[in-house]
Amino acid sequence: MMSRVEFDRGITFLEENGINLVAIFDLNDLPDRLHLDIKKLGIEIKAYQRLVLLGHSGRTLWKVLKDQDKKLFDSNAPIDQFSQQISEYTVKAYWGDVKTEMLYPGDNPISLQQLGKMAGWHHDSPMGVGINEEHGLWFAYRALFLIDAPLPLMKQPQGVSPCESCFDAPCVVTCPATALSSSESFKIERCSQFRIKSASPCRDRCLARESCSVASEQRYNREQISYHYLQSLAVIQEYYP
Ligand code: B12
């Protein structure tokens, strides 16, 4: 049986490696919809006790990746590969080496942002990326797995969306594609069509996202921003060849 000290060591290990957001849910507390989504994947959910959601914010993860293992960047998905490895290692070394089922990284149709809402990490923002007071727009989901261990439950208080007290809306004003609005949902189609133009200033960055002043000290560095946006651009280009 894993001790609280061992559990906390696992949390510290994840944090040192840039995975600084952790939420742990009791499976009985999850909405029926999510149970259904997991069952549809052919997974016997009753065999597990907890659902673990891991994320990163700010710049540490990128620094760790760059420092640690250059070979990771030879793969198509270095962040996913690293996130999976570090999740498996944490369970093995600190959390009792118990049975797990990895749900993300991967293509499973489970809405991470909906889980982010339950974890207290996510408020909607005009650009679709989640926002919160502590990390601004600079966080993302890195792993999701079921685990057969009674891990302590963890989540953050819901908090208030920073967008509610933002009246200038620099993101809306800055977006050169006029894809953002303070009252309507983000127009991903308009954003995508604008991004694929050859002279688009948004090919490898998002000027609207970068204009947000909430937790701007956590903004990814230029290299990381470019890495992520070129990846999503490649997916978008497949939609609009
Ligand atoms: C498919 C997908 C995409 C597709 C969107 C296709 C579409 N037609 O909308 C593409 C490849 C374009 C994309 C791009 C990006 N994505 Co995306 N995407 C996903 C993914 C894998 C699945 C979403 C989904 O289908 N959910 C299931 C449906 C039922 O639930 P839903 O919440 O209603 O899903 C819809 C929206 O989430 C929307 N969507 C998906 N990504 C994004 C990003 C933005 C900015 C918006 C407005 C909408 C949007 O697409 C879904 C279907 O319509 C999720 C991971 C996940 N498993 O949740 C990440 C995810 C939503 N994406 C994310 C991010 C960060 C991005 C990018 C900003 C990455 C980047 N730096 O380039 C870009 C931004 C897009 C842009 N402005 O150009 C993050 C958001 C993190 C956060 N803090 O909220 C997620 C959660 C991935 C992660 N690991 O953290 N994405």
Side-chain angles (χ1 to χ4, degrees), residues 18-21 23 31 33-34 36-38 40-41 51 53-58 61-62 77-84 87 102-145 156 161-163 171-172 174-181 184-197 200-210 212 214-215 218-240:
I19 306 291
N20 58 332
L21 298 175
R33 201 197 56 241
L34 191 59
L36 214 66
D37 282 350
I38 295 173
K40 274 191 209 149
L41 302 171
L51 180 67
L53 179 65
L54 302 181
H56 90 276
S57 72
L61 176 65
W62 188 255
I79 298 188
D80 286 351
Q81 202 171 308
F82 177 78
S83 303
Q84 170 134 7
S87 303
M102 213 73 196
L103 301 172
Y104 183 85
D107 296 331
N108 290 327
I110 293 179
S111 172
L112 297 174
Q113 291 182 324
Q114 296 301 329
L115 279 166
K117 266 185 200 165
M118 291 173 56
W121 305 352
H122 176 103
H123 293 283
D124 292 332
S125 77
M127 73 185 67
V129 174
I131 193 165
N132 68 49
E133 280 167 317
E134 203 180 335
H135 310 294
L137 294 163
W138 305 102
F139 71 97
Y141 305 88
R142 303 283 55 127
L144 178 70
F145 58 91
Q156 286 176 9
S161 168
C163 299
C171 59
V172 174
T174 303
C175 175
T178 59
L180 275 67
S181 143
E184 290 166 39
S185 59
F186 176 64
K187 297 182 182 65
I188 195 159
E189 178 80 21
R190 194 180 282 192
C191 165
S192 302
Q193 294 284 7
F194 190 84
R195 287 189 66 200
I196 56 173
K197 291 182 181 159
S200 173
C202 311
R203 288 177 73 80
D204 71 342
R205 67 194 299 181
C206 174
L207 300 172
R209 191 174 178 187
E210 290 174 42
C212 178
V214 181
Q218 300 226 32
R219 186 185 302 143
Y220 306 158
N221 69 23
R222 196 70 203 88
E223 186 188 30
Q224 183 175 5
I225 289 179
S226 178
Y227 169 79
H228 289 298
Y229 279 91
L230 287 176
Q231 288 234 323
S232 68
L233 182 69
V235 178
I236 291 166
Q237 279 166 336
E238 280 178 33
Y239 278 108
Y240 308 101

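For ligands, and for the atoms within them, numbers begin at 1 and follow the listed sequence. What you see is a predicted model, and the numbers here were worked out from it, not measured in a lab. In this chain, numbering begins with 1 at the start of the sequence shown.
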Under 4.0 Å and counting heavy atoms only, is there anything from the protein next to [atom]?
atom: atom 24 (C) of ligand 1; answer: no
atom: atom 33 (O) of ligand 1; answer: no
atom: atom 8 (N) of ligand 1; answer: no
atom: atom 11 (C) of ligand 1; answer: yes
atom: atom 43 (C) of ligand 1; answer: no
atom: atom 50 (O) of ligand 1; answer: no
atom: atom 78 (O) of ligand 1; answer: yes
atom: atom 91 (N) of ligand 1; answer: no

Within ligand 1, which atoms have a heavy atom of [X] less than 4.0 Å away?
X: Ala140; value: 90 (O)
X: Gln113; value: 37 (O), 61 (C), 80 (C), 82 (C), 84 (O), 86 (C)
X: Arg195; value: 76 (C), 78 (O)
X: Arg142; value: 89 (N)
X: Ile110; value: 56 (C), 57 (N), 58 (O)

request  = Give the ring-plane orientation class for Phe139 versus Tyr141, where under 30° counts as parallel, over 60° as perpendicular and anything between as tilted.
outcome  = perpendicular

Heavy-atom proximity to atom 47 (C) of ligand 1, best of Tyr229, Tyr220, Phe186 = Phe186

Proximal candidate to atom 45 (C) of ligand 1 [heavy atom criterion; set Met127, His56, Arg205] = Met127

message = Looking only at the side chains, is there a donor atom on one of Ser57 and Asn20 sitting less than 3.5 Å from an acceptor on the other?
response = yes

inquiry  = Looking only at the side chains, is there a donor atom on one of Tyr227 and Glu223 sitting less than 3.5 Å from an acceptor on the other?
reply    = no

At a non-hydrogen distance cut-off of under 4.0 Å, which region of [X] contacts ligand 1 (side chain, backbone, both, or neither)?
X: Leu112; answer: both
X: Tyr104; answer: side chain
X: Val129; answer: both

query = Any nitrogen or oxygen of Asn108, main chain or side chain, under 3.5 Å from a nitrogen or oxygen of ligand 1?
reply = no

